[in-house]
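Written below as structure tokens is the structure these notes are about.
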Amino acid sequence: MLTNAVLVLAAAIGAAAHYTLPKLAAGADWQYVRKADNFRDNGFVGNVASEQIRCFQSTLAGAQATLNVTAGSSVTYGASPSIYHPGPMQFYLARVPDGQDVSTWKGDGAVWFKVYHEQPNFGAQLTWPSNGKSSFAVPIPKCIKSGFYLLRGEHIGLHVAQSSGGAQFYISCAQIGVTGGGNTEPSSEYKVSFPGAYKASDPGILININYPVPTSYKNPGPAVFSC
């Protein structure tokens, strides 16, 4: 029979293999990022149909502050601790409708467009650029409209994704104000909703990355928008 000490140790080891996405630019943890439900336990979202797949919040709570970012630049999104599991890092933006408050806007509906995703390196095993990293430069397209946005960071752990529901989603949403933008509104082909963007059976979500080792990978979600 397992002792309480063993159970606590096992839980600690499991949590150490997991991570949060709490930091934007030089801000403190959860300063510009809405505090996600996993801020204590480093947990993940496993159900792509859950409302938590959007920003990993059971109850909406705004960030402490909103970071101003210039269109055409990049902003650093941080993980804590470093990304441990194999799988892609992806980032989405959603523009807050004019007249609404970025700190209370839910981000529901088909409003999210992808600005970055990564592909693995192929070989004897899949390796991912994000593995072992704790910071990521997110491009802010030069042509998008100025205004307030939610910036959604997502890492998908694929180490046990060979069965439905096995993929692990580490998610958070930051609040940014984009300045110096253009007049482009991404078309509907680039926009998705959360939940709704993913299915548990998507080939980039339900996948055995261990054997046989894949020779290609299809990122879940829409194509990356660029100007």
Side-chain angles (χ1 to χ4, degrees), residues 10 13-21 36-38 41-57 77-94 107 110 112-139 151-173 186 189-226:
I13 293 172
H18 298 165
Y19 30 90
T20 60
L21 302 175
D37 288 352
N38 66 342
D41 64 8
N42 291 8
F44 58 86
V45 179
N47 180 2
V48 296
S50 165
E51 288 289 325
Q52 287 180 304
I53 200 68
R54 185 182 302 143
C55 291
F56 207 165
Q57 288 189 311
Y77 217 119
S80 179
S82 300
I83 299 297
Y84 179 83
H85 294 307
M89 180 67 73
Q90 309 197 133
F91 292 97
Y92 290 80
L93 285 171
W112 297 90
F113 58 97
K114 188 189 289 182
V115 294
Y116 175 84
H117 68 206
E118 63 179 4
Q119 277 275 300
N121 300 307
F122 299 97
Q125 61 181 5
L126 299 190
T127 58
W128 302 83
S130 56
N131 194 251
K133 291 180 63 177
S134 61
S135 64
F136 307 90
V138 185
L151 170 58
R152 178 182 179 274
E154 167 188 83
H155 183 262
I156 309 174
L158 298 176
H159 51 298
V160 289
Q162 66 270 20
S163 58
S164 183
Q168 299 179 358
F169 294 80
Y170 299 87
I171 303 163
S172 67
C173 290
E189 67 182 296
Y190 290 103
K191 290 187 174 181
V192 295
S193 61
F194 288 103
Y198 303 156
K199 300 189 298 293
S201 58
D202 285 345
I205 292 174
L206 179 60
I207 181 173
N208 189 338
I209 64 170
N210 301 304
Y211 185 84
V213 177
T215 57
S216 64
Y217 178 76
K218 180 175 174 56
N219 290 78
V224 172
F225 170 80
S226 61

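Numbers here simply count residues along the sequence, with the first being 1.
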Do the side chain of [X] and the main chain of [Y] share a donor and acceptor less than 3.5 angstrom apart?
{"X": "S172", "Y": "L21", "value": "yes"}
{"X": "N131", "Y": "Y84", "value": "yes"}
{"X": "S80", "Y": "T20", "value": "no"}
{"X": "D41", "Y": "G43", "value": "yes"}
{"X": "Y190", "Y": "A223", "value": "no"}
{"X": "H117", "Y": "V224", "value": "no"}

Do you know which two heavy atoms are closest between [X] and [Y], and how far apart they sit?
{"X": "A167", "Y": "I205", "answer": "CB-O, 3.7 Å"}
{"X": "P139", "Y": "A137", "answer": "CD-O, 3.6 Å"}
{"X": "I156", "Y": "Q90", "answer": "CD1-NE2, 4.1 Å"}
{"X": "E118", "Y": "N219", "answer": "O-ND2, 3.1 Å"}
{"X": "V160", "Y": "Q168", "answer": "CG2-NE2, 4.2 Å"}
{"X": "F136", "Y": "A79", "answer": "CE1-CB, 4.3 Å"}

Report the distance from atom [atom1] of [X] to atom [atom2] of [Y], rounding to the nearest 0.5 Å.
{"X": "D37", "Y": "F56", "atom1": "CG", "atom2": "CZ", "result": "5.5 Å"}
{"X": "S163", "Y": "N208", "atom1": "OG", "atom2": "CG", "result": "9.5 Å"}
{"X": "Y77", "Y": "M89", "atom1": "OH", "atom2": "CE", "result": "9.5 Å"}
{"X": "L151", "Y": "C55", "atom1": "CG", "atom2": "SG", "result": "10.0 Å"}
{"X": "Y198", "Y": "I53", "atom1": "OH", "atom2": "CD1", "result": "7.0 Å"}
{"X": "K114", "Y": "E154", "atom1": "NZ", "atom2": "CD", "result": "8.0 Å"}

* **Chi angles and distances behind the side-chain contact (heavy atoms from CB on, under 4.5 Å) call for R54, I171** => CA-CA 8 Å; R54 185 182 302 143; I171 303 163; over 6 Å; no
* To do: Answer yes or no: is there a side-chain heavy-atom contact under 4.5 Å between P81 and N42?
  =>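 A side-chain contact under 4.5 Å exists here.
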* To do: Kindly indicate whether the side chain of P86, heavy atoms from C-beta on, has any atom under 4.5 Å from the side chain of L126.
  =>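 No, side chains not in contact.
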* To do: Please test Y92 against F194 for ring pair (Phe, Tyr, Trp, His ring centres under 6.0 Å), starting from the C-alpha separation and ending with a verdict.
  => CA-CA 11 Å; Y92 290 80; F194 288 103; 5.0 Å; yes
* To do: Report the C-alpha separation of L158 and W128 in whole Å, then their side-chain angles, then the decisive distance to 0.1 Å, and conclude whether the side-chain contact (heavy atoms from CB on, under 4.5 Å) test is met.
  => CA-CA 11 Å; L158 298 176; W128 302 83; 4.0 Å; yes
* To do: In sequence, state the C-alpha distance, the side-chain angles, and the governing distance for F44 and N38, and then conclude on side-chain contact (heavy atoms from CB on, under 4.5 Å).
  => CA-CA 7 Å; F44 58 86; N38 66 342; over 6 Å; no
* To do: Would you please classify the geometry between the H159 ring and the H85 ring as parallel, tilted or perpendicular, with 30° and 60° separating the classes?
  =>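 Ring orientation of H85 relative to H159: parallel.
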* Around atom CD of Q119, are there more than 12 heavy atoms of other residues, nucleotides or ligands at under 6.0 Å? ->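 Count over threshold, so yes.
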* Asked: Taking it one step at a time, do K191 and F225 satisfy side-chain contact (heavy atoms from CB on, under 4.5 Å)?
  -> CA-CA 9 Å; K191 290 187 174 181; F225 170 80; over 6 Å; no
